Amino acid sequence: MNPSEPSVDRPLRIALLGCGVVGTEVARLLTRDADELARRVGLPLELVGIAVRRLDRDRDLDVPAELFTTDALGLVTRGDIDVVVEVIGGIEPARELILAALEAGASVVTANKALVAEDGARLSAAATKAERDLSFEAAVAGAIPIVRPLRESLAGDRVQRVLGIVNGTTNYVLDQMTTLGQGFSEALEEAQRLGYAEADPTADIEGFDAAAKAAILASLAFHTRVSLGDVHREGISDVTAADVRSAAEMGCVVKLLAICERTETSVGARVHPAMIPLEHPLASVRGAYNAVFVESEAAGQLMFYGPGAGGAPTASAILGDVVSVARNRVREIFGPGETTHADLEVIDVGRARTRYHVAIDVQDRAGVLAVIAQEFARFDVSIKNLRQEGHGSDAQLVIVTHEAEDASLAATVEALRGLDIVRDVSSVMRVEGGI
Ligand SMILES: NC(=O)C1=CN([C@@H]2O[C@H](COP(=O)(O)OP(=O)(O)OC[C@H]3O[C@@H](n4cnc5c(N)ncnc54)[C@H](O)[C@@H]3O)[C@@H](O)[C@H]2O)C=CC1
Ligand SMILES: N[C@@H](CC=O)C(=O)O
Ligand code: NA
């Protein structure tokens, strides 16, 4: 047989698990674009079942009522499904359903970064064993193609660093605070209303969602298994209006960044708010948009930009995966799985090196500056610039450091907090993106 000839000659059956913000758009596109998709795949794609939690909900979706079922496990194990699309989210029952789907012979497309970051190794092994595809483009940065570029286009290069704005909700909230002076809660409610936030928005605000994406990005970029627990995580709930103002005074903007870096022998991944210079390409990423900045040895600097959240953009990435795995199903082949052969050491955030912005509330008297500077020097943290704001009981020193180890900066801050001339270390924020 000619390997380019289709070896399946019936419609491919698609099962959809979950019909919320993303699932609704996936079902809509599969139905609306059925003819076009059939031509792209070579065979029709038939949506044969939609697993939901409740049948009695009003849905703004023009599909036959008999497609809906509350028996998700029954749907994926009925034995004739070619592709399962999982958009339920969370760990269980999504994991159980994906494993059952693969075992039953279906390829799987998922948007579930939490699950892929926590248990990607197990899912990937199950896909390899079943000789089926497991695709998750929508799991990182929504509509933006980044999983496939890292897994395929850059597979021959050596990626050194990935710096990304990968959470639409927090970027939206920070942007509204920065540009409109909107309050935190008001901006978050708006992000929820627009369908950007996770079911529990704490996952967005406290950086869990971005940390899951960082784990996936680091695993793909460095051919090394990096799990959610390996990623240092800080969210945006402690970012104050004063931090935003301070950033602006330095010609910077505050963003929640996911940073994945490698050295010759190790990799590290961290998520935290950071100040970045206005001239950095990531500084102009507004609203719920995402962007991923990749630095690799041969290619140099690459930037991937686009809508990172929302039903339709996420459905676009899912449909791309569906077409891709459906084409493989037609030919009874499966695409590249994960490569973790590099198996580099995953290091703790303490060994990461960056610059810092530190605001210290001090007593305004002679000699204070020297004492503070001495503490920085004691831990080998070199000061780049320093300015005083306010006077008397309002006096504050704002210090920007040269690049230093995270552990050294943490030790410096702890020592500063122990000084009687220090009333408070009111803000510590990393400064990233020197390009
Ligand atoms: N909303 C977004 O912008 C993006 C979401 N994602 C991911 O896509 C997935 C889905 O997200 P959303 O659609 O926003 O969430 P959602 O909460 O709107 O939808 C999830 C749906 O799954 C249903 N569900 C829960 N348990 C179920 C079960 N056992 N059987 C059948 N249905 C069940 C819920 O009732 C809900 O309707 C998540 O993994 C999320 O992280 C990824 C990228 C962007
Ligand atoms: N809640 C996520 C949705 C996409 O992954 C976000 O805000 O980015
Ligand atoms: Na994506």
Side-chain angles (χ1 to χ4, degrees), residues 15-27 49-57 59 61 68-76 84-98 109-118 135-151 164-174 188 191-192 194-213 216-217 220 236 256 258 285 287-292 304-321:
L16 177 62
L17 310 181
C19 196
V21 171
V22 179
T24 303
E25 290 304 319
V26 171
I50 305 177
V52 293
R53 211 156 32 181
R54 286 176 42 196
L55 292 173
D56 59 354
R57 253 191 71 189
R59 291 171 210 278
L61 199 53
F68 291 97
T69 173
T70 53
D71 182 10
L73 191 59
L75 177 61
V76 301
V84 167
V85 177
E86 184 276 310
V87 278
I88 288 175
I91 305 301
E92 293 295 359
R95 174 168 46 199
E96 181 201 0
L97 292 168
I98 289 176
V109 173
T110 178
N112 194 333
K113 52 270 172 148
L115 179 57
V116 174
E118 181 167 307
S135 295
F136 45 86
E137 181 58 74
V140 185
I144 304 173
I146 184 64
V147 169
R148 194 168 287 116
L150 284 174
R151 182 142 81 174
I165 294 173
V166 293
N167 183 268
T169 303
T170 45
N171 203 57
Y172 182 86
V173 169
L174 290 172
L188 176 58
Q192 287 178 282
L194 292 166
Y196 304 146
E198 296 300 301
D200 175 1
T202 314
D204 298 295
I205 296 306
E206 296 305 341
F208 291 99
D209 178 79
K213 291 165 178 166
I216 297 171
L217 287 171
L220 291 164
I236 64 163
L256 183 72
V285 177
Y289 274 72
N290 282 191
V292 184
F304 300 81
Y305 171 80
T314 307
S316 161
I318 289 175
L319 264 287
D321 277 350

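Basis for what follows: all heavy atoms, side chains included, without hydrogens, waters or symmetry-related copies. Source: prediction; values computed, not measured. Whatever order the structure lists ligands and atoms in, that order sets their numbers, starting from 1.
- Regarding atom 21 (C) of ligand 1, its nearest protein heavy-atom neighbour is Gly20 N, 3.8 Å.
- Among protein heavy atoms, atom 42 (C) of ligand 1 sits closest to Lys113 NZ, 3.2 Å.
- The backbone of Val52, and not its side chain, has at least one atom closer than 4.0 Å to an atom of ligand 1 (non-hydrogen atoms only; backbone = N, CA, C, O).
- Closest heavy-atom approach to atom 9 (C) of ligand 1 within the set Ile50, Val87, Leu75: this belongs to Val87.
- With Asp204 contributing its side chain and Ala197 its backbone, the two residues share no donor-acceptor pair below 3.5 Å.
- Under 3.0 Å from the Na ion (ligand 3), one finds the following protein N/O/S atoms: Glu137 O, Glu137 OE2, Val140 O, Gly142 O, Ile144 O.
- If you look at Ala111 next to ligand 1, the close heavy atoms, those under 4.0 Å, come from the backbone and the side chain alike.
- Using a non-hydrogen distance threshold of 4.0 Å, Gly142 does not register as a contact of ligand 2.
- If you check which protein heavy atom lies closest to atom 7 (O) of ligand 2, you get Thr169 OG1, 2.6 Å.
- Near Ala197, meaning under 4.0 Å from any of its heavy atoms, are these atoms of ligand 2: 1 (N).
- Distances below 4.0 Å separate heavy atoms of Ala309 from the following atoms of ligand 1: 3 (O).
- Note: no N/O pair closer than 3.5 Å links Asn290 and ligand 2 by distance alone.
- Looking at Leu256, Val140, Asn167, it is Asn167 that brings a heavy atom closest to atom 6 (C) of ligand 2.
- Of all protein heavy atoms, the one closest to atom 29 (N) of ligand 1 is Pro93 CG, 3.5 Å.
- With distances taken over non-hydrogen atoms, the option nearest atom 44 (C) of ligand 1 out of Thr314, Leu17, Asp200 is Thr314.
- The Tyr196 neighbourhood of ligand 2 comprises atoms 1 (N), 2 (C), 3 (C), 6 (C), 7 (O), with distances under 4.0 Å to a heavy atom of that residue.
- Looking at Ala138 against ligand 1, only its backbone comes within 4.0 Å, counting heavy atoms.
- Distance from atom 11 (O) of ligand 1 to its nearest protein heavy atom, with residue and atom name: Val22 CG2, 4.0 Å.
- In this structure, atom 15 (O) of ligand 1 has no protein heavy-atom contact shorter than 4.0 Å.
- When hydrogens are left out, the protein atom nearest atom 33 (C) of ligand 1 is Ile88 CG1, 3.8 Å; that is the closest non-hydrogen contact.
- Listed by atom number, the atoms of ligand 2 under 4.0 Å from Gly168 heavy atoms are 6 (C), 7 (O), 8 (O).
- Not a single salt bridge (charged side-chain N to carboxylate O under 4.0 Å, His left out) links Arg151 to another residue, sequence neighbours left out.
- The Ala51 neighbourhood of ligand 1 comprises atoms 31 (C), 32 (N), with distances under 4.0 Å to a heavy atom of that residue.
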